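Reviewing the structure listed below.
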2 protein chains.
Amino acid sequence: MPSKTTLKDLANLAGVSVSTVSKALNDSPEIGARTRQRIKDIAESCNYVPNNIARSLKSRSTKTIGVIIPAILIEFFNKVLYGIEQEATERGYKIVICLSNESSRKEAESINTFINGSVDGVILSVAEETQKSKVYDHFEKSAKHNMPMVMFDRVLDDITCDKVTVDDFEGAFNAVKFLSDLGSKNILFLNPISNTSVGQHREDGYVKAVSGLNQEPNIVNVSHYTEIEKALSTVFNNQKIDAILAADEYSAALAQNAARLNNLKIPQDLSVIGFTNGMVAEYANPSLTVVSQHAENIGKIAAGILLDRIEGKLRAEPVNKVVKTKIVERNSTKNI
Amino acid sequence: MPSKTTLKDLANLAGVSVSTVSKALNDSPEIGARTRQRIKDIAESCNYVPNNIARSLKSRSTKTIGVIIPAILIEFFNKVLYGIEQEATERGYKIVICLSNESSRKEAESINTFINGSVDGVILSVAEETQKSKVYDHFEKSAKHNMPMVMFDRVLDDITCDKVTVDDFEGAFNAVKFLSDLGSKNILFLNPISNTSVGQHREDGYVKAVSGLNQEPNIVNVSHYTEIEKALSTVFNNQKIDAILAADEYSAALAQNAARLNNLKIPQDLSVIGFTNGMVAEYANPSLTVVSQHAENIGKIAAGILLDRIEGKLRAEPVNKVVKTKIVERNSTKNI
DNA sequence: GTGAAAGCGCTAACAG
DNA sequence: CTGTTAGCGCTTTCAC
């Protein structure tokens, strides 16, 4: 605990009252120019820094927002976090982060950490366990406390609050269309996250698009990345497919590796598109064409909404922002 | 600002004094069991949550630590952050993060944000600009305020505080030895971070090791990842090299791609080792052999030291922990 | 122009 | 056992 000089100390040194010092440092016009400067000099020489905790107590605002994400090592969340940080910093707010690690218990604990006045609002993406169990007590509690809250990506329909989501359905739909326009006629969907709402929306978009093209949906669900190589090799040996849409970037990279093992050239023999525009996609060989969710942007938008809400710039009804995806073209798809 | 019920509200409801309520809720033995329970029930029914800001003001402890990292999208820092979060959470602390984005100005601003009592201590890795400019005013200031501080990875010799560093010198040294044992005779060092202390240590280790093998140091410094492809192509055309040690994983991945463009087979014609054990290394093709710095562990260690310091468990002199590296072998180096 | 006093919400020594 | 009081550091009326 840093030993701090306080207003009282300065008041003693200057031979004036605490309130005079406070006003002087805050450039109140009430204080004479000469006294003001004198006090400022003393403060300077003492390395005075006003105590933020005391200020927060007085002002009932912490200029801090809480962020709860399921994991920080997943690049998507990391990028969202980056976006949040940028927007927050720009608007003079700090961020404190908690990780739920996909657990409802940790998520609830984090909400409790935030509900006690230490932040002005919360941004979060719901933990997988919570989505499955459908136990939302902690969110109801925070809503009861009037805590400004925005959910992103993984949101809860049953909870009333501001939300920012990605149009995963359309993203997958457009990716199929993109592949089809390139001439692909047998497009496979590789899904390692079929048990999340997000994975499901992507599958739905794929099915819809492929049906529109009079192709049969061809879906490979895997529950682990390690299964991909074997699963795809089987496919390559028995069917002729000319494109793969993968539900995330890791599976897309692994699909490329599997293809190479089976002597398929990318993109000549096989086009590959993944979801999520991250490092792995960028540094893969060939570099991956992906459906970008604009992760960073999602973070900025979510933070923007939250801060607007905190600062009373929004009307009562919750805002519901849907972010469109975009295809980032690289070398894993033919360039025509 | 969530409208909160306070101790006063509860006191009114229960018809007792504020301090009685406080003691009851804190299970003070001074309060009779019946009153205590009655008060707790009332608190419960009001969804009472004690105000943390007020508590912090009183206790002069925020149970929060500040983290300043140069970037969050660099996986190494992200992993360290993860380690910090784990240790902090386990010991009952929250973390608030600021990004310096490698800028001295933002770094100083972050220090200022923290110095005002909003955190109990700080963990940081120095911004590139600060390392170049050697302007350390903000750190001296925070030291003057007795702010507990631990630097990790990129540290400043001139500042007295706890430090956690990686044995980058030895890491590079061992990597060269590893390559040499595999039969490599012309090992090139690719360095995109030559202006950081870390990049310099790695280079030193490389030079030392290579000299011991009676090879001439062969160093390619680049200031941008985009330069790598051209720089290496020139090298491949004019020299015969059979191994590359890259100072991070991204440059290692790009080196592989450059090699492939020049019709070099990995690992048959060329072995590649990178620094940092991240996603890109794991999903590269071929997967990259790397020097792991145990990023997550560094975070845990740094947080552990900081919390020990905050809680007064450490003697005055600064601790200086050096973390050893380890080679993680994958497919970019020959398997003999 | 400057200062006294109240109060943000909580804790804790000290009375009763 | 319960209440009174003071105070953490700051801001802000309201007197003087």
Side-chain angles (χ1 to χ4, degrees), chain A residues 1-40 42-43 46-64 114-120 145-146, chain B residues 1-40 42-43 46-64 114-120 145-146:
Chain A
M1 62 202 78
S3 69
K4 306 271 297 300
T5 48
T6 69
L7 282 190
K8 200 155 90 180
D9 300 332
L10 298 179
N12 287 149
L13 286 171
V16 297
S17 80
V18 174
S19 57
T20 304
V21 177
S22 171
K23 286 171 189 161
L25 295 179
N26 290 319
D27 286 320
S28 160
E30 286 183 41
I31 305 297
R34 239 191 11 263
T35 346
R36 191 192 311 175
Q37 193 51 52
R38 195 168 63 83
I39 291 176
K40 282 194 175 181
I42 296 178
C46 291
N47 288 304
Y48 173 74
V49 183
N51 182 316
N52 208 24
I53 300 288
R55 273 196 171 155
S56 292
L57 181 59
K58 188 96 241 246
S59 67
R60 289 119 161 300
S61 134
T62 60
K63 289 283 184 181
T64 304
F114 289 150
I115 222 172
N116 61 19
S118 36
V119 301
D120 296 344
H145 278 256
N146 298 316
Chain B
M1 64 203 76
S3 70
K4 306 271 297 301
T5 48
T6 70
L7 283 190
K8 200 156 93 180
D9 299 334
L10 298 181
N12 287 149
L13 285 172
V16 296
S17 79
V18 175
S19 61
T20 303
V21 177
S22 171
K23 286 171 191 160
L25 294 180
N26 290 317
D27 285 321
S28 159
E30 286 183 42
I31 305 297
R34 237 189 14 261
T35 347
R36 189 191 313 175
Q37 193 49 53
R38 193 168 63 84
I39 292 175
K40 282 195 174 180
I42 296 178
C46 291
N47 287 307
Y48 172 74
V49 182
N51 182 317
N52 209 25
I53 301 287
R55 271 195 173 157
S56 291
L57 181 59
K58 185 97 237 239
S59 66
R60 290 121 159 301
S61 134
T62 60
K63 288 285 183 178
T64 304
F114 288 151
I115 222 173
N116 60 20
S118 38
V119 301
D120 296 345
H145 277 257
N146 298 315

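By convention in this document, chain letters (A, B, ...) are assigned in the order of the sequence lines, proteins followed by strands, and residues within each chain are numbered from 1. These numbers come from a predicted model, not from an experiment.
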Subject >> d(CG, A:N116; C1', C:dT11) in whole Å >> reply: 16 Å
Subject >> base_contact_polar (D:dT4 base, B:S19 side chain, donor-acceptor, <3.5 Å) >> reply: yes
Original post:
Between B:N116 and B:S118, does any side-chain donor sit less than 3.5 Å from a side-chain acceptor?
Top reply: yes
Original post:
D:dC10, C:dG3, D:dG3: which one has an atom nearest the side-chain heavy atoms of B:K23?
Top reply: D:dG3
Original post:
Does any N or O donor sit under 3.5 Å from an N or O acceptor when you compare the side chain of B:K8 with the base of C:dG7?
Top reply: no
Original post:
Counting side-chain heavy atoms from C-beta on, which of D:dT11, C:dG9, D:dT2 comes nearest to A:N26?
Top reply: D:dT11
Subject >> A:N51 (side chain) donor-acceptor with A:I53 (main chain) under 3.5 angstrom >> reply: yes
Original post:
Reckon A:S56 touches a base, only the sugar-phosphate, or nothing at all at heavy-atom distances under 4.0 Å?
Top reply: nothing
Original post:
Whole-Å distance between C:dT2 P and A:Q37 CD?
Top reply: 14 Å
Subject >> Proximal nucleotide (of C:dT2, D:dT2, D:dC10) relative to the A:I31 side chain >> reply: C:dT2
**OP:** Return the nearest nucleotide to the side chain of B:R55; candidates are D:dC1, C:dT2, C:dC10.
**Re:** C:dC10
Original post:
Considering only side-chain heavy atoms of B:K58, which listed nucleotide, D:dT11, C:dT11, C:dG1, is closest?
Top reply: C:dT11
Subject >> Distance-only donor-acceptor check, side chains B:T20 and B:S17, under 3.5 Å >> reply: yes
Original post:
Within this structure, what is the CG-to-P distance between A:D27 and D:dT11, rounded to whole angstrom?
Top reply: 12 Å
**OP:** May I ask you to say what A:T6 touches in the nucleic acid, namely base, sugar-phosphate or nothing, with a heavy-atom cut-off under 4.0 Å?
**Re:** sugar-phosphate
Original post:
Which nucleotide, C:dC10, D:dG3, D:dG9, lies nearest any side-chain atom of B:T20?
Top reply: D:dG3
**OP:** May I have the distance from A:N52 (atom CG) to D:dC8 (atom P), rounded to whole angstrom?
**Re:** 18 Å
Original post:
Between A:R36 and C:dG1, is there a side-chain N or O to OP1/OP2 distance below 4.0 Å?
Top reply: no
Subject >> Shortest side-chain distance from A:T35, nucleotide among D:dG3, C:dG1, C:dG3 >> reply: C:dG1
**OP:** Quickly work out the A:L57 CG to C:dG7 P distance and round it to whole Å.
**Re:** 14 Å
Subject >> Minimal non-hydrogen separation, B:Y48 against B:L7, with atom names >> reply: OH-CD2, 3.4 Å
**OP:** Let me know the distance between CD of B:E30 and C1' of C:dA15, rounded to the nearest Å.
**Re:** 11 Å
Original post:
Between B:S17 and A:V49, who's closer to the 5' end of DNA chain D by nearest nucleotide?
Top reply: B:S17
Subject >> Under 4.0 angstrom between B:Y48 side-chain N/O and C:dC10 OP1 or OP2 >> reply: yes
**OP:** Identify which nucleotide among C:dC10, D:dC10, D:dT12 has an atom closest to any side-chain atom of A:L7, counting heavy atoms from C-beta outward.
**Re:** D:dC10
**OP:** Tell me which nucleotide among D:dT2, D:dG9, D:dT11 gets nearest to the side chain of A:A54.
**Re:** D:dG9
Subject >> Contact under 4.0 Å: A:R60 side-chain N or O vs C:dG9 OP1/OP2 >> reply: yes
Original post:
Can you name the closest pair of heavy atoms from B:A24 and B:I31 and give their distance?
Top reply: N-CG1, 3.9 Å
Subject >> Interatomic distance, A:N51 CG vs D:dG9 P [rounded to whole Å] >> reply: 7 Å
Original post:
How far apart are the C-alpha atoms of A:D120 and A:R60, what are their side-chain angles, what is the distance that settles it, and do they pass the salt bridge (Lys or Arg N to Asp or Glu O under 4.0 Å) test?
Top reply: CA-CA 9 Å; A:D120 296 344; A:R60 289 119 161 300; over 6 Å; no
**OP:** Give the rounded distance in Å between these two atoms: CG of A:D9 and P of D:dC8.
**Re:** 10 Å
